[in-house]
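Written below as structure tokens is the structure these notes are about.
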Amino acid sequence: MKKLLSIVVPFFNEEEGIEAFHASLSAVMDGLPTVAFEVICVDDGSKDRTLQGLIGLRQRDARFVVVELSRNFGKEAALTAGIDAAKGDAVIPMDADLQDPPSLIAPMIEAWQSGFEVVLAKRVDRRSDSFLKRKTAELFYRVHNGLSTVKIPANVGDFRLMDRSVVDALRSLPEQQRFMKGLFAWVGYRTTTVEYARSERAAGQTKFSGWKLWNLALEGITGFSIAPLKIWTYLGGLGAVLSLLYALFIVIRTVVQGVDLPGYASLMVAIIFFGSVQLIGIGMLGEYIGRIYIESKRRPVYLVRKQYGGRSE
Ligand code: UDP
Ligand code: MG
């Protein structure tokens, strides 16, 4: 029996790119006759003709399965939907814009067949990303890995191969807020890396604005670390000790020099500073409490309106 490989691809307003994606991916799949393929295309509530394009693909090429979500749930949820629908012995999530080169699938399969359960695709060359994106990404990995016990490998995206055992482990994680890079890292397993140079987007525009990326970064950090919550205990403790020392200093000075009035400016500074520190602390609490609130509703991660193909066992 041939092994089945599921390729999971989230699509959000990618109509211009579908044909190029199909051409490039099917060329790679045709060149690997020793494995069978299914391509789970998740339409993440696209507003353009992406869904029609994907259904057209499926009519021409039965390896393509289309999962239509009921609205835009975001990339993490779309990936989750695709991974849930995948039946392969291994799963490879990849982007629809060909920034994850399909030519890497062959070396990934090779590493998998030699016994690795996770094969990461590492971007050794990110020149196609803007300077700002590279720097903010670098900062994110540094902050995240400094705060969290689960380390996310730098410059590794969602593009990777995962054995069925890893996929099942991933699916057993119950959380609703799915920061995939973190969850992938959390499950562990025997891992190796293949390297590639990140290419430009084949067609269309990026779907991630700075604000969306900022929120994704917050999701990652709050989902995997409680250090930002705990830091306030220490900051508060430090502030208390310093203010006690200062009080002591004032008492001594009053005894030695007598009473004087100046000090309005330093008082204002202290009030504003500690007021802001408290606001930051409360905001930090809000980030977590908001997530507890959303998580406690136990809503599904995504809703499927319709699936085209791929259901029969
Ligand atoms: N995507 C998605 N839902 C969204 C945003 C993006 O499914 O709400 C998909 C998008 O279609 C693409 C992948 O996620 O296949 C990566 O998006 P993009 O290429 O815009 O991100 P970038 O490479 O710029 O980080
Ligand atoms: Mg992209």
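Numbering of ligands and ligand atoms starts at 1, following listing order.
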### Query
For Phe12, is at least one N or O under 3.5 Å away from an N or O on ligand 1?
yes
### Query
In this structure, are over 12 heavy atoms from other groups packed under 6.0 Å from Arg60 atom CZ?
yes
### Nearest non-hydrogen protein atom, atom 24 (O) of ligand 1
Thr206 OG1, 2.5 Å
### Summary
Residue, atom and distance of the protein heavy atom nearest atom 5 (C) of ligand 1 read Lys207 CB, 3.6 Å
### Task
Enumerate the atoms of ligand 1 whose separation from the nearest heavy atom of Lys133 is less than 4.0 angstrom.
22 (P), 24 (O), 25 (O)
### Query
In ligand 1, which numbered atoms sit nearer than 4.0 Å to a non-hydrogen atom of Asn72?
3 (N), 4 (C), 8 (O)
### Neighbour count above 12 (heavy atom, 6.0 Å) for Ile280 CD1
yes
### Task
Check whether more than 12 heavy atoms from other residues, nucleotides or ligands sit under 6.0 Å from atom NZ of Lys151, and answer yes or no.
yes
### Task
Grab the two heavy atoms, one from Gly157 and one from Arg123, that are nearest each other, plus how far apart they are.
CA-NH2, 3.5 Å
#### Entry: Ionic contact status for Asp84 with Arg171, cut-off 4.0 Å
yes
### Query
Is Trp232 atom CH2 crowded by more than 12 heavy atoms from other residues, nucleotides or ligands, each under 6.0 Å away?
yes
### Query
What atoms of ligand 1 come closer than 4.0 angstrom to any heavy atom of Ala96?
15 (O)
### 2.8 Å cut-off met by an N, O or S atom of Asp95 to the Mg ion (ligand 2)
no
### Task
Start with the C-alpha distance between Leu173 and Val187, add both sets of side-chain angles, then the distance that settles side chain to side chain contact (heavy atoms under 4.5 Å, CB included), and finish with yes or no.
CA-CA 9 Å; Leu173 300 181; Val187 295; 4.1 Å; yes
### Summary
Residue, atom and distance of the protein heavy atom nearest atom 17 (O) of ligand 1 read Phe208 CE1, 3.7 Å
### Query
If Ile, Leu, Val, Met, Phe, Trp and Tyr residues are connected whenever their side-chain heavy atoms lie under 4.5 Å apart, and connections chain through other members, are Leu4 and Met108 in the same group?
no
### Query
Considering only the protein, which heavy-atom contact is closest to atom 11 (O) of ligand 1, and what is its distance?
Glu14 OE2, 2.6 Å
### Query
What are the atoms of ligand 1, with element, lying closer than 4.0 Å to any heavy atom of Asp97?
19 (O), 23 (O)
### Query
So which protein heavy atom does atom 3 (N) of ligand 1 come closest to, and at what separation?
Asp44 OD2, 2.6 Å
### Task
Report, in ascending order of atom number, the atoms of ligand 1 lying under 4.0 Å from any heavy atom of Lys212.
5 (C), 8 (O)
### Message
Could you identify the single nearest non-hydrogen protein atom to atom 18 (P) of ligand 1 and state the distance to 0.1 Å?
### Response
Arg201 NH2, 3.4 Å
### Query
So which heavy atom in the protein is nearest atom 23 (O) of ligand 1, and how far is it from that ligand atom?
Gln99 OE1, 2.7 Å
### Summary
Shortest non-hydrogen pair, Val28 vs Ser103, comes out as CG2-N, 4.0 Å
### Query
Do Tyr302 and Phe12 sit in the same hydrophobic cluster, where Ile, Leu, Val, Met, Phe, Trp and Tyr count as joined when their side-chain heavy atoms come under 4.5 Å apart?
no
### Task
State, to the nearest 10 degrees, the angle whose vertex is the Mg ion (ligand 2) and whose arms point to OE1 of Gln99 and OD2 of Asp97.
100°
### Message
Can you report which non-hydrogen protein atom sits closest to atom 7 (O) of ligand 1, along with the distance?
### Response
Pro10 CB, 3.2 Å
